A.B. asks: 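Quick one: the structure is below, and I'll ask about it shortly.
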Amino acid sequence: MRMKRAWIIGCLLLAVIACQGCKKQQEEPESTLLYEDEIEDSDNYIVVGFAQVGSESDWRLANTQSFRDTFREDKGYYLLFEDGQQKQENQIKAIRNFILQEVDYIILDPIVETGWDAVLQEAKVAGIPVILSDRLVEVEDSSLYTCWVGSDFEEEGRIAGRWLKAYLEEEGRADEEIRIVTLQGTLDSSAQIGRTVGFDKILRQQENWTMLDRGSGDFTLTKGREVMESFLDLYDDIDVVVCENDNMAFGAIEAIRAAGKTCGPSGEIIMISIDGTRAALDAMAEGEIHMVMECNPLLGPMVEEIIQRLERGEEVERVQYVEEQYFDASMDLERIMESRTY
Ligand code: GZL
Ligand code: ZN
């Protein structure tokens with residue numbers, strides 16, 4: 001008898017749960033265009049979905065701000081912004097959400113190069129153009145994205161290597177055994193791949209340079225510091241640290257100080273970084289960084305220009321590089337910083 005009663009109660013419970021679900025289903029608004037109640041006639045807006053990598057670095061914050069400053073409602077845009085928190089699955093979810101909401105354009109800054117074919121195929125089937133900003137994807141079908149705007153990461157790595165060669169010559173150290181470690185960015189990201197490959201090309205031409213080790217600090221200060229601490233434990237004579245972004249350089253500087261060593265033009269370790277954020281130029285002015293290779297985060301206006309062309313039915317370049325330069329401690333940093341907005 002007890003079994004029978006329990007069975008009946010169980011079925012009742014199941015029935016209640018099921019009807020809750022269908023009730024929720026009925027409440028679900030038929031349209032998922034959430035922004036429709038945010039803005040009246042959404043037809044007058046170009047609705048843009050932006051799947052951003054995360055907020056891992058100063059560069060990333062400046063990059064996000066550039067898009068928020070560009071895709072404003074008073075300029076006829078409605079920006080749906082999703083922070084991927086440095087996880088590919090979050091970015092894939094965001095793209096699916098944008099497709100559901102029938103945005104006009106999807107902008108993707110892919111945290112890593114692989115794993116995008118399926119979701120970009122869904123965007124293609126939905127007829128939504130995908131514009132890549134900053135990093136690149138590696139996909140079978142190149143029609144899965146319209147175009148890409150960003151930096152020539154390999155050139156950034158080569159410029160850093162060429163600068164180091166010239167600097168060592170100036171310092172009369174052209175023939176000295178030079179021992180180097182590298183703090184890499186997020187592995188499999190275009191920025192990490194390009195910068196590592198680019199610097200490597202110069203490294204291989206110098207028989208007196210040795211790359212002691214490379215480790216990924218994931219473009220963050222905390223992990224950059226951890227990797228540098230491990231290098232300082234492992235190697236007693238590090239001459240150069242190559243950091244694939246500024247935030248890892250800041251972490252490396254903390255680790256070097258904590259180990260009772262010094263870096264920068266008056267120190268014993270040569271510090272090279274890439275991004276060129278204001279904080280890095282400040283650190284250079286303080287004598288802690290020798291050289292910073294700029295990586296321009298202000299991509300919003302270039303992506304807007306592309307969208308405007310597409311709206312007019314015009315062709316757009318498949319690849320568009322941003323202009324970049326490097327800064328070193330011998331330059332007039334005051335004047336340089338006055339002219340920069342990030
Ligand atoms: C480079 C960009 C990198 C920056 C890092 O274009 O993808 O990601 O160098 C950022 O600071 O985290
Ligand atoms: Zn040495």
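The first residue of the sequence shown is numbered 1, and numbering continues consecutively from there. Here the structure is a predicted model, which means the values were calculated and not measured. Counting starts at 1 for both ligands and their atoms, in listed order.
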A.B. asks: Flag this pair as yes if the NZ/CZ of Arg340 is under 6.0 angstrom from the six-membered ring centre of Tyr342 and inside a 45 degree cone about the axis; otherwise no.
C.D. replies: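 Judged by the rule (NZ or CZ under 6.0 Å from the ring centre, within 45° of its axis), Arg340 counts as positioned above Tyr342.
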A.B. asks: Considering both backbone and side-chain atoms of Ser57, is one of its nitrogen or oxygen atoms within less than 3.5 Å of a nitrogen or oxygen in ligand 1?
C.D. replies: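 There is such a contact, yes.
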A.B. asks: I need the nearest protein heavy-atom contact for atom 12 (O) of ligand 1: residue, atom name and distance, please.
C.D. replies: Glu56 OE2, 2.5 Å
A.B. asks: List the closest protein heavy-atom neighbour of atom 6 (O) of ligand 1: residue, atom name, distance to the nearest 0.1 Å.
C.D. replies: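 Protein heavy atom at minimum distance: Asp134 OD1, 2.4 Å.
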A.B. asks: Closest non-hydrogen protein atom to atom 8 (O) of ligand 1, residue and atom name please, with distance?
C.D. replies: Arg135 NH2, 2.7 Å
A.B. asks: Can you name the one residue among Asp275, Asn247, Asp134 that meets side-chain hydrogen bond (donor to acceptor under 3.5 Å, both in side chains) with Arg60?
C.D. replies: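 Single pass found, and it is Asp134.
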A.B. asks: Hey, which atoms in ligand 1 end up nearer than 4.0 Å to a heavy atom of Cys295?
C.D. replies: 1 (C), 6 (O)
A.B. asks: Which atoms of ligand 1 sit under 4.0 Å from any heavy atom of Phe153?
C.D. replies: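 Counting from 1, the qualifying ligand atoms are 1 (C), 6 (O).
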A.B. asks: Before you tell me yes or no, could you show the steps for Arg195 and Ile274 under side chain to side chain contact (heavy atoms under 4.5 Å, CB included), namely the whole-Å CA-CA distance, both residues' side-chain angles and the distance that decides it to 0.1 Å?
C.D. replies: CA-CA 9 Å; Arg195 290 167 184 170; Ile274 301 178; 3.5 Å; yes
A.B. asks: Quick one: which ligand 1 atoms are inside 4.0 Å of a heavy atom on Asn245?
C.D. replies: 5 (C), 9 (O), 11 (O)
A.B. asks: May I ask whether Ser151 places a heavy atom under 4.0 Å from ligand 1?
C.D. replies: no
A.B. asks: Heavy atom of Arg195 under 4.0 Å from ligand 1?
C.D. replies: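 The answer is yes, since Arg195 has a heavy atom less than 4.0 Å from ligand 1.
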A.B. asks: Report the nearest protein non-hydrogen atom to atom 11 (O) of ligand 1: residue, atom name, distance rounded to 0.1 Å.
C.D. replies: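 Looking only at protein heavy atoms, the one closest to atom 11 (O) of ligand 1 is Asp275 OD2, 2.6 Å.
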A.B. asks: Does this structure show an ion pair linking Glu171 with Arg173, if we count only N-O contacts that are shorter than 4.0 Å?
C.D. replies: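 A salt bridge is absent here (no side-chain N lies under 4.0 Å from a carboxylate O).
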A.B. asks: Once you measure the plane-to-plane angle for Tyr321 and Trp148, does it fall in the parallel (<30°), tilted (30-60°) or perpendicular (>60°) bin?
C.D. replies: perpendicular
A.B. asks: With ring pair (Phe, Tyr, Trp, His ring centres under 6.0 Å) as the test, pick out the partner of Tyr77 among Phe71, Tyr105, Phe67.
C.D. replies: Phe71
A.B. asks: Which label fits Phe231 and Tyr235: parallel for a plane angle under 30°, tilted from 30 to 60°, or perpendicular past 60°?
C.D. replies: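 Because their plane-to-plane angle lies in the 30° to 60° range, the rings of Phe231 and Tyr235 count as tilted.
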